[in-house]
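Chain naming here is simple, since letters A, B, ... match the order of the sequence lines and numbering starts at 1 in each. Being a predicted model, the structure only gives us computed values, none of them experimental.
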Protein chains: 2
Amino acid sequence: MKQESSSYNSIEKAMRVLTAFSVDRPTWGVRELSAHLGFSPSTVQRILQALKRFSFVDQDPKTRLYRLGKVYFRFMDVLQRTHTVNRAAFPHMKQLMSQTRETVHLNVIDGTERVCIDALESPQLLKAVMPIGSRSPLYAGASSKCLLAFSSDEFIEQYLTGVHLVPVTRHTICRMDALRAEIQEIRGRGYAMSLGERTPGLGSLSAPILNPKGIVQAALSLAVPEVRFKEKRHFARCIKALVLTAEAFSEEMGYDVHRA
Amino acid sequence: MKQESSSYNSIEKAMRVLTAFSVDRPTWGVRELSAHLGFSPSTVQRILQALKRFSFVDQDPKTRLYRLGKVYFRFMDVLQRTHTVNRAAFPHMKQLMSQTRETVHLNVIDGTERVCIDALESPQLLKAVMPIGSRSPLYAGASSKCLLAFSSDEFIEQYLTGVHLVPVTRHTICRMDALRAEIQEIRGRGYAMSLGERTPGLGSLSAPILNPKGIVQAALSLAVPEVRFKEKRHFARCIKALVLTAEAFSEEMGYDVHRA
DNA sequence: AACGCTGTATTATAATATGAAACAAGAATC
DNA sequence: GATTCTTGTTTCATATTATAATACAGCGTT
């Protein structure tokens, strides 16, 4: 017996309040937020005050408006120091960065999206940037497609039947048969590539980090400006370095490359 | 009429649950956490399930243990892209890093602690590390003392009357008169320094980023290994670069250096 | 000076959170 | 291999707690 999904308990309301703070809308007043979420102003007010007590939100003493607080830095510290993938990733990311001189980033699946959990920026004057926390749907971009392709078959099927392919740029794959074919190709090839599927002019290469069971844990990726992406020799060198690094990393996580 | 402080509403309980996840204790079972917090297992269970629905926590499908979830990456993205200090800080931090070749970090006050909100690591083989999210009490370390010294007089008084000075290392200032004198000295000098007050062998220099009213918004700091900290010429060069960068940064934030 | 807009405090009412106990499933022990 | 601890999870009557209308207080504009 489940409750109607339109009703939330107070904790869920608190979380809906928190997730309302976005890059596009980083500050809220009580009444605006109340209108936005459909909760009464009193409720929103009480929730915000509770959140403030634990510095999940800050309140500007002058404007009385609310914004995200400073606890998240602590959570990030905990995440980065305890998530096994993250801890182990750094030396590999660093090595890959010095070999390719391109921006290296690490991604995981969160729900139906790819999220960047760590990044090292290229030392070059022209470089791609991939902010920690940035997201994309699982069908757009090399990292996304890589994570999807090396997920379990059940996950892929479940995802593909539920997803609605909306183009992000004019190079985004938005035909289902094309996406299925792409997944097969990525699996066979061992890495994914994309050019401008999410950001025009931005090329990307991505290889999976596999756990002992061969299921993807993360995607190690390079973000490369189009000019350099199209240089054949640099492109080949990037792929080679990426694949070798990802394999070494997977082995470190307990995956046996030769048995697969 | 206020409630007894030992009782929490459900949102506060949820936040106490979240903040229980730390670097020392990154995973919890329901009953352990229940015992730790003094809430009943059912309550903790229900809270964790609600938090899980919004990916504030993840649950290991095998061990059934809980850990922090992936929302925090999103919050960090929002924070880093919307906090005005953070946005403006990057080019200055970068410049300071290339001038000194030492680890640069940016800190703010959270409650009675200093928290690191951004860092750029030194390119050298021997370097100090300052993880984003790391904390220290406001009396230990250059960044802490700098933030404290350039706070408002009311804040300083309130802090000093409430604080209990516990030594973090054997170089931590733990006499109240010494701390008061140090604050005055920092104010006169315009920057703070420390050696091994928080971490043995780690020296630090810190200058304030001031808002138009002359109140500290953040502290820009250098973390320097003791060997290099003791090299007079390098030390002098670091101080000069730090102070100039912090002043330029303050000016960019609207502070008038010459009127102060 | 009056209005409209904030965020905040109050309070009776209704919904929801609570914890004891039962359950299910896995690990450790004998 | 059976027993006995654990563990996470579900249930449910009870009482606490969240709720939304309302009132209030402060600010900026008209």
Side-chain angles (χ1 to χ4, degrees), chain A residues 1-22 25-69 82 212-213, chain B residues 1-22 25-69 82 212-213:
Chain A
M1 234 166 281
K2 203 130 171 232
Q3 268 292 89
E4 188 46 50
S5 65
S6 64
S7 106
Y8 294 95
N9 68 31
S10 60
I11 293 172
E12 291 173 321
K13 280 179 187 164
M15 289 183 287
R16 292 209 52 205
V17 165
L18 285 177
T19 49
F21 293 87
S22 68
R25 199 70 159 81
T27 55
W28 288 97
V30 172
R31 282 174 138 91
E32 290 175 302
L33 191 47
S34 145
H36 176 72
L37 295 171
F39 309 152
S40 85
S42 339
T43 302
V44 172
Q45 152 74 6
R46 193 173 30 76
I47 290 171
L48 284 168
Q49 287 297 333
L51 293 171
K52 186 180 163 186
R53 258 171 257 138
F54 286 73
S55 51
F56 279 65
V57 298
D58 272 351
Q59 185 174 27
D60 189 303
K62 198 169 179 179
T63 65
R64 311 256 81 192
L65 259 41
Y66 294 86
R67 48 164 54 255
L68 288 177
T82 60
K213 281 163 197 152
Chain B
M1 235 163 283
K2 207 147 171 211
Q3 268 290 91
E4 187 48 47
S5 64
S6 65
S7 107
Y8 294 96
N9 69 32
S10 60
I11 294 171
E12 291 174 321
K13 281 179 186 166
M15 288 183 287
R16 292 209 53 206
V17 165
L18 285 177
T19 49
F21 293 87
S22 68
R25 198 69 157 81
T27 56
W28 287 97
V30 172
R31 280 173 140 93
E32 291 174 302
L33 191 48
S34 146
H36 176 72
L37 295 170
F39 309 152
S40 84
S42 338
T43 303
V44 172
Q45 154 75 6
R46 194 173 29 76
I47 290 171
L48 284 169
Q49 287 296 334
L51 293 171
K52 186 180 163 186
R53 258 172 257 139
F54 285 74
S55 52
F56 278 65
V57 297
D58 273 352
Q59 185 173 26
D60 189 302
K62 199 169 178 180
T63 65
R64 310 254 81 192
L65 259 39
Y66 295 86
R67 47 163 55 256
L68 289 177
T82 60
K213 280 163 200 154

B:Y66 versus B:Q49, side-chain donor and acceptor atoms under 3.5 Å:
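Judged by distance alone, the side chains do pair up.
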
Residue-phosphate contact under 4.0 Å: [X] side-chain N/O, [N] OP1/OP2:
X     : N      : result
A:T43 : D:dA20 : yes
A:Q45 : C:dG7  : no
B:Q49 : C:dA17 : no
B:R64 : D:dT9  : yes
A:Y66 : C:dT8  : yes

Using atom [atom1] of [X] as one end and atom [atom2] of [N] as the other, report the distance to the nearest whole Å.
X     : N      : atom1 : atom2 : result
B:L48 : D:dT9  : CG    : P     : 8 Å
B:I47 : D:dA18 : CD1   : P     : 11 Å
A:R31 : D:dA21 : CZ    : C1'   : 11 Å
A:D60 : D:dC27 : CG    : C1'   : 15 Å
A:K52 : C:dG7  : NZ    : C1'   : 10 Å
B:E32 : D:dT6  : CD    : P     : 13 Å
B:L33 : D:dT7  : CG    : C1'   : 14 Å
A:L65 : D:dG26 : CG    : C1'   : 15 Å

Is the side chain of [X] donor-acceptor paired with the backbone N or O of [Y] at a distance under 3.5 Å, no angle test?
X     : Y     : answer
A:R25 : A:T27 : yes
A:S55 : A:K52 : no
A:W28 : A:A20 : yes
B:S34 : B:V44 : no

Contact nearer the 5' end of DNA chain C, comparing A:Q59 with B:F39
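Residue closer to the 5' terminus by nearest nucleotide: A:Q59.
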
Quick one: which of D:dA18, D:dA20, C:dG7 gets closest to the side chain of A:S10?
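Among the listed nucleotides, the one closest to the side chain of A:S10 is D:dA18.
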
From C:dT10, C:dG7, C:dA17, nucleotide with atom closest to A:S42 side chain:
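Among the listed nucleotides, the one closest to the side chain of A:S42 is C:dT10.
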
